[in-house]
Visitor: 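Can you read through this structure? Questions will come right after.
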Amino acid sequence: ESHDELIITTHSPYILAAFNNFLLAHKFKEQNKRSDEVATIIPEKSWINTAHFNAYYLDKKGATKIFDEKIGLIADNQLDSASESIMADFDQLMDLYSKNLMDEKAN
């Protein structure tokens with residue numbers, strides 16, 4: 001069994017925001033809903049399974065986890081404003097996610 005790991009270090013809020021997009025896109029696959037629509041925004045090969053992801057903030061005091069497992073995203077308070085393109089993708093994904101929640105409530 002292979003256990004590949006990739007560790008990325010960054011100060012970039014753009015990279016963190018992009019990871020949130022990839023994480024949110026994968027959530028649609030987990031729910032088996034709207035994957036085709038999501039793939040038009042974020043290519044499926046870029047989606048990240050939340051079970052295989054973690055994120056930490058490092059400082060002189062040590063490491064602080066910034067990945068919220070409950071929502072499956074990097075905590076908002078750790079993200080500075082990102083590029084309009086990345087945030088536009090995230091907004092579109094959130095709109096689809098909200099539609100999923102509305103669909104589930106209607107059923």
Side-chain angles (χ1 to χ4, degrees):
E1 186 175 337
S2 174
H3 295 292
D4 296 331
E5 289 187 24
L6 175 63
I7 298 173
I8 297 174
T9 61
T10 184
H11 291 90
S12 172
Y14 301 105
I15 300 297
L16 297 177
F19 276 119
N20 263 356
N21 286 351
F22 304 150
L23 291 160
L24 183 56
H26 189 271
K27 290 177 94 145
F28 288 92
K29 183 175 183 175
E30 292 170 350
Q31 296 173 351
N32 209 16
K33 294 184 178 180
R34 301 185 192 272
S35 292
D36 292 339
E37 291 177 73
V38 172
T40 66
I41 302 166
I42 304 289
E44 188 170 355
K45 66 182 180 181
S46 298
W47 300 358
I48 299 174
N49 184 334
T50 59
H52 303 157
F53 183 85
N54 224 324
Y56 294 88
Y57 174 77
L58 302 174
D59 61 16
K60 293 178 182 177
K61 296 177 184 175
T64 303
K65 188 172 185 170
I66 61 172
F67 179 65
D68 185 334
E69 291 177 4
K70 184 176 178 183
I71 62 171
L73 298 170
I74 298 170
D76 286 343
N77 59 347
Q78 297 298 326
L79 299 175
D80 294 334
S81 60
S83 74
E84 287 182 19
S85 174
I86 290 172
M87 291 310 295
D89 289 348
F90 186 78
D91 288 342
Q92 289 178 44
L93 291 170
M94 284 303 292
D95 287 344
L96 289 174
Y97 189 69
S98 295
K99 288 178 186 177
N100 279 352
L101 292 177
M102 296 300 283
D103 291 348
E104 289 177 10
K105 287 182 181 180
N107 292 329

Visitor: Calculate, to the nearest 0.5 Å, the distance between atoms CG and CG belonging to Asp91 and Leu96 respectively.
Guide: 11.5 Å
Visitor: Could you list the residues that satisfy side chain to side chain contact (heavy atoms under 4.5 Å, CB included) with Ala51, not counting sequence neighbours?
Guide: Asn49
Visitor: Provide the closest heavy-atom pair for Ser12 versus Thr10 in the form atom of the first, atom of the second, distance.
Guide: N-OG1, 2.8 Å
Visitor: Are Leu101 and Leu24 connected in a single hydrophobic cluster, I mean Ile/Leu/Val/Met/Phe/Trp/Tyr linked by side-chain heavy atoms less than 4.5 Å apart?
Guide: yes
Visitor: Would you please name every residue forming a side chain to side chain contact (heavy atoms under 4.5 Å, CB included) with Asp95, sequence neighbours left out?
Guide: none
Visitor: Given the rule that I, L, V, M, F, W and Y join up when any side-chain heavy atoms are under 4.5 Å apart, are Ile66 and Leu58 in one cluster?
Guide: no
Visitor: Kindly write out the residues that satisfy salt bridge (charged side-chain N to carboxylate O under 4.0 Å, His left out) with Lys33, not counting sequence neighbours, or none if the list is empty.
Guide: Glu104
Visitor: For residues 38-53, which residue pairs pass the salt bridge (charged side-chain N to carboxylate O under 4.0 Å, His left out) check, not counting sequence neighbours?
Guide: Lys29-Glu44
Visitor: If you compare all heavy atoms of Leu93 against all heavy atoms of Ala25, which two are closest, and at what distance to 0.1 Å?
Guide: CD1-N, 4.2 Å
Visitor: Going by side-chain hydrogen bond (donor to acceptor under 3.5 Å, both in side chains), name the pairs with one or both residues in residues 58-68, residues two or more places apart or in two chains.
Guide: Lys65-Glu69
Visitor: Measure the spacing between CG of Asn20 and CD1 of Ile48 and express it to the nearest 0.5 Å.
Guide: 9.5 Å
Visitor: Starting from Ile71, can I reach Met94 by hopping between I/L/V/M/F/W/Y residues whose side chains sit under 4.5 Å apart?
Guide: yes
Visitor: Begin from the C-alpha positions of Ile42 and Phe28 and carry the test side chain to side chain contact (heavy atoms under 4.5 Å, CB included) through to its verdict.
Guide: CA-CA 11 Å; Ile42 304 289; Phe28 288 92; over 6 Å; no
Visitor: Output side-chain donor-acceptor pairs under 3.5 Å for residues 34-41, partner residues at least two apart or in another chain, one line each.
Guide:
unit_1	atom_1	unit_2	atom_2	d
Arg34	NE	Asn100	OD1	2.9
Arg34	NH1	Glu37	OE2	3.3
Arg34	NH2	Asp103	OD2	2.9
Thr40	OG1	Glu37	O	2.5

Visitor: Ring pair (Phe, Tyr, Trp, His ring centres under 6.0 Å) with Phe53: which residues, sequence neighbours excluded?
Guide: Phe19, Phe67
Visitor: Find out if a path of hydrophobic residues (ILVMFWY) with successive side-chain heavy-atom gaps under 4.5 Å connects Leu6 to Trp47.
Guide: yes
Visitor: Linking I/L/V/M/F/W/Y whenever their side-chain heavy atoms sit closer than 4.5 Å, directly or via other members, would Tyr57 and Leu23 fall into one cluster?
Guide: yes
